[in-house]
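We use all heavy atoms of the structure for the numbers below, so side chains are in, but hydrogens, waters and symmetry mates are not.
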Amino acid sequence: MGERDGKNNLYNRHQNTRAKAKKERAKRFRLDEEESPESPSCHSDGDDYAGGAGTIAGLKSFGVFHILKNGDCFEAKLDGAFPKNLINQLAVGDKVALDKDNAIVSALNRTSFLARLRGDSTRHSRRGFSEHVIAANVDAAVIVATTKEPDFQPRLIDRYLILCEYGNVEPIICLNKSDLTDERDAALEWYRKMGISVIETSAIKNTGIQELIDAIHGKTVVFAGNSGVGKSSLINKINPRAAIKTQAVSGKGRQGRHTTTGSNLYMLDKETCLIDTPGIRSLGLSGVNGCDIKWYFKDFNKYEGLCKYKDCLHDIEPECAVKKAVSDDKISPERYRSYIRILHDRN
């Protein structure tokens with residue numbers, strides 16, 4: 001059974017003509033990729049550009065962007081020399097270099113970003129890993145969740161916290177629709193103990209809005225979260241000029257419906273920018289190495305080095321300091337279960 005030429009081996013069972021051909025193409029692509037120089041980057045230090053710099057505020061159509069420059073917003077296309085295969089690397093919040101005709105020449109280096117991480121093991125190359133940047137050059141991410149409609153999901157928040165750490169972004173948890181129930185998930189208190197700001201709001205009752213405004217003042221902030229949690233409604237409350245279309249949650253399962261179809265940037269004042277993003281119902285982390293997952297759980301860090309094994313993953317290993325901390329109620333059991341789930345299933 002262990003031999004690759006075994007009749008019933010799973011490896012051979014799925015080897016049809018189409019699958020073999022796909023695998024061979026992937027291998028050839030990988031070899032070509034390894035033998036060729038690095039692909040050009042759409043980012044630069046931006047020392048030489050004639051028209052100044054702007055910020056991508058939104059995408060109108062393929063290759064046409066809304067650009068914010070000196071307080072004015074206008075449409076800009078890509079310079080003819082800009083590599084067409086790199087268009088998808090540009091994201092809302094990217095600082096771009098412009099020529100004298102206000103065409104985009106390049107994107108300046110990012111300081112931070114929020115991205116979805118996807119992987120495809122069949123690709124057999126580094127391009128099998130996809131980093132879909134949702135927003136670039138953001139100071140903080142407001143992770144919007146709800147008490148109900150849809151239900152509070154701490155595991156989704158934990159995934160966002162990993163992405164914030166990955167992209168050098170400060171997390172702020174916003175519990176919206178706080179007026180629907182007085183019950184609060186125990187995970188919220190654990191997040192507060194970790195030093196993460198938790199702000200309770202209600203876009204309907206207009207509560208907590210000023211506290212949220214104070215927390216994001218002077219920052220470029222991306223609003224992220226599940227579909228139907230009220231990201232767009234909150235932005236409309238904070239900045240009525242945004243006038244983002246909103247919808248109520250659907251009747252079946254009280255799940256959210258997608259109203260925002262693309263990321264867009266809005267100016268609150270001269271120092272504060274808000275980025276609205278499409279809602280999601282799942283958040284893959286397949287691009288994060290399994291051995292690195294534990295480092296993104298900051299509440300585990302104080303126990304590193306105390307386990308029996310130096311490379312302990314805090315999973316099945318004996319004499320694990322993190323598992324002992326969970327049993328001693330020093331780490332949230334739900335948070336630990338979230339870690340184990342992400343460790344074993346990052347899709």
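- Both Ile340 and Ile162 are assigned to one and the same hydrophobic cluster, defined by single-linkage of ILVMFWY side chains at heavy-atom distances under 4.5 Å.
- Salt bridge Asp276/Lys231: absent, no basic N to carboxylate O contact under 4.0 Å.
- Between the side chains of Lys95 and Thr55, a donor-acceptor pair is found at a separation under 3.5 Å.
- Within the 4.5 Å cutoff, side-chain heavy atoms of Ile331 are placed close to those of Tyr303.
- For the residue pair Lys69 / Asn102, a side-chain donor-acceptor distance below 3.5 Å is found, with atom types taken as modelled.
- Remark: the Ser112 side chain and the Asn168 side chain contain no N/O donor-acceptor pair separated by less than 3.5 Å.
- In this structure, SG on Cys174 lies 7.0 Å from CZ on Phe223, to the nearest 0.5 angstrom.
- Within the 4.5 Å cutoff, the side chain of Glu211 has no heavy atoms near those of the Glu200 side chain.
- Taken to the nearest 0.5 Å, the CG atom of Leu180 stands 4.5 Å off from the OG1 atom of Thr147.
- Residue Arg159 holds its CZ atom at 14.5 Å from SG of Cys164, rounded to the nearest 0.5 Å.
- Minimum interatomic distance between Cys312 and Lys294 (heavy atoms only, all atoms of both residues): O-NZ, 2.7 Å.
- Surrounding NZ of Lys330 are at most 12 heavy atoms belonging to other residues, nucleotides or ligands under 6.0 Å away.
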Give the intermediate values and the outcome of side chain to side chain contact (heavy atoms under 4.5 Å, CB included) for residues Leu108 and Asp94. CA-CA 7 Å; Leu108 309 188; Asp94 261 326; over 6 Å; no
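- A salt bridge links Lys324 with Asp328: the closest approach of a Lys/Arg side-chain nitrogen to an acidic carboxylate oxygen falls below 4.0 angstrom.
- By the 6.0 Å contact criterion, CG on Asp182 is open, its count of non-hydrogen atoms from other residues, nucleotides or ligands being 12 or less.
- Contact annotation: the side chain of Lys77 never approaches that of Phe65 to less than 4.5 Å [non-hydrogen atoms, C-beta and beyond].
- Considering all non-hydrogen atoms of both residues, Leu59 and Val64 come closest at CD1-O, 3.2 Å.
- Rounding to the nearest 0.5 angstrom, the gap separating the CD1 atom in Ile56 from the OG atom in Ser263 is 11.5 Å.
- For Leu306, the CG atom counts as densely surrounded, since its 6.0 Å shell holds more than 12 non-hydrogen atoms of other residues, nucleotides or ligands.
- Applying the 6.0 Å contact sphere to CZ of Arg184 captures more than 12 heavy atoms from other residues, nucleotides or ligands.
- If you chain together hydrophobic residues whose side chains sit under 4.5 Å apart, Ile199 and Leu234 fall into the same group.
- The hydrophobic cluster containing Phe74 also contains Phe82, counting ILVMFWY residues as joined when their side-chain heavy atoms lie under 4.5 angstrom apart, directly or transitively.
- Between Lys308 and Pro318 the shortest heavy-atom distance is CB-O, 3.9 Å.
- In this structure, the side chain of Asp185 engages the main chain of Ala187 through a donor-acceptor pair within 3.5 Å.
- A donor atom on one side chain and an acceptor atom on the other are found under 3.5 Å apart for Thr272 and Asp269.
- Using modelled atom types, one finds no donor on one side chain facing an acceptor on the other under 3.5 Å when comparing His132 with Gln89.
- The closest side-chain donor-acceptor pair between Asn176 and Thr146, if any, does not fall under 3.5 angstrom.
- By the 4.5 Å heavy-atom criterion applied to side chains, Asp179 and Thr207 are not counted as neighbours.
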Assess whether side chain to side chain contact (heavy atoms under 4.5 Å, CB included) is satisfied between Trp190 and Glu334, documenting all intermediate values. CA-CA 10 Å; Trp190 285 101; Glu334 177 61 31; over 6 Å; no
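- Residues Ile104 and Ala76 come closest through the heavy atom pair CG1-CB, 4.3 Å.
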One pair to check against side chain to side chain contact (heavy atoms under 4.5 Å, CB included): Val138 and Ile275. What are the steps and the verdict? CA-CA 9 Å; Val138 293; Ile275 298 177; 3.8 Å; yes
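- Partners of Tyr339 according to the ring pair (Phe, Tyr, Trp, His ring centres under 6.0 Å) rule, which considers only residues two or more places apart in sequence or in another chain, are Phe297, Phe300.
- No side-chain N or O of His66 forms a donor-acceptor pair with one of Asn264 less than 3.5 Å apart.
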Do Glu170 and Asp139 pass the side chain to side chain contact (heavy atoms under 4.5 Å, CB included) test, and can you show the C-alpha distance, the side-chain angles, and the key distance before you say yes or no? CA-CA 6 Å; Glu170 173 198 355; Asp139 301 303; 5.7 Å; no
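- For the pair Asn206 and Ile204, the minimum side-chain heavy-atom distance is 4.5 Å or more.
- Taken to the nearest 0.5 Å, the CD1 atom of Ile143 stands 8.0 Å off from the CG atom of Leu114.
- Lys219 has no carboxylate O lying under 4.0 Å from a charged side-chain N of Glu271, or vice versa, which leaves the two without a salt bridge.
- Closest heavy-atom contact between Ile216 and Ile172: CG2-CD1, 4.4 Å.
- When all heavy atoms of Asn137 and Thr111 are compared, the pair lying nearest together is OD1-N, 2.9 Å.
- Cluster annotation: Leu274 and Val142 are assigned to the same hydrophobic cluster (Ile/Leu/Val/Met/Phe/Trp/Tyr, side-chain heavy-atom contacts under 4.5 Å, transitive).
- Proximity of Cys273 to Leu268: side-chain heavy atoms (C-beta onward) are nowhere separated by under 4.5 Å.
- Taking 4.5 Å as the limit, some side-chain heavy atom of Val229 sits within range of a side-chain heavy atom of Pro150.
- Taking a cutoff of 4.0 Å between a charged side-chain nitrogen and a carboxylate oxygen, Lys148 and Glu183 do not qualify as a salt bridge.
- Hydrophobic clustering (side-chain heavy atoms under 4.5 Å, transitive across Ile, Leu, Val, Met, Phe, Trp, Tyr) groups Ile293 together with Val322.
- Distance check, rounded to the nearest 0.5 Å: NZ of Lys237 to OG of Ser202 gives 8.5 Å.
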Would you sort out whether Lys323 and Glu317 count as a salt bridge (Lys or Arg N to Asp or Glu O under 4.0 Å), showing the intermediate values? CA-CA 9 Å; Lys323 287 192 287 186; Glu317 299 87 348; 5.2 Å; no
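- In terms of the side-chain contact (heavy atoms from CB on, under 4.5 Å) criterion, residue partners of Val198 (sequence neighbours excluded) are, by chain and number, Ile173, Leu188, Tyr191, Arg192.
- Side chains of Ile238 and Tyr266 form no contact here, defined as non-hydrogen atoms less than 4.5 Å apart.
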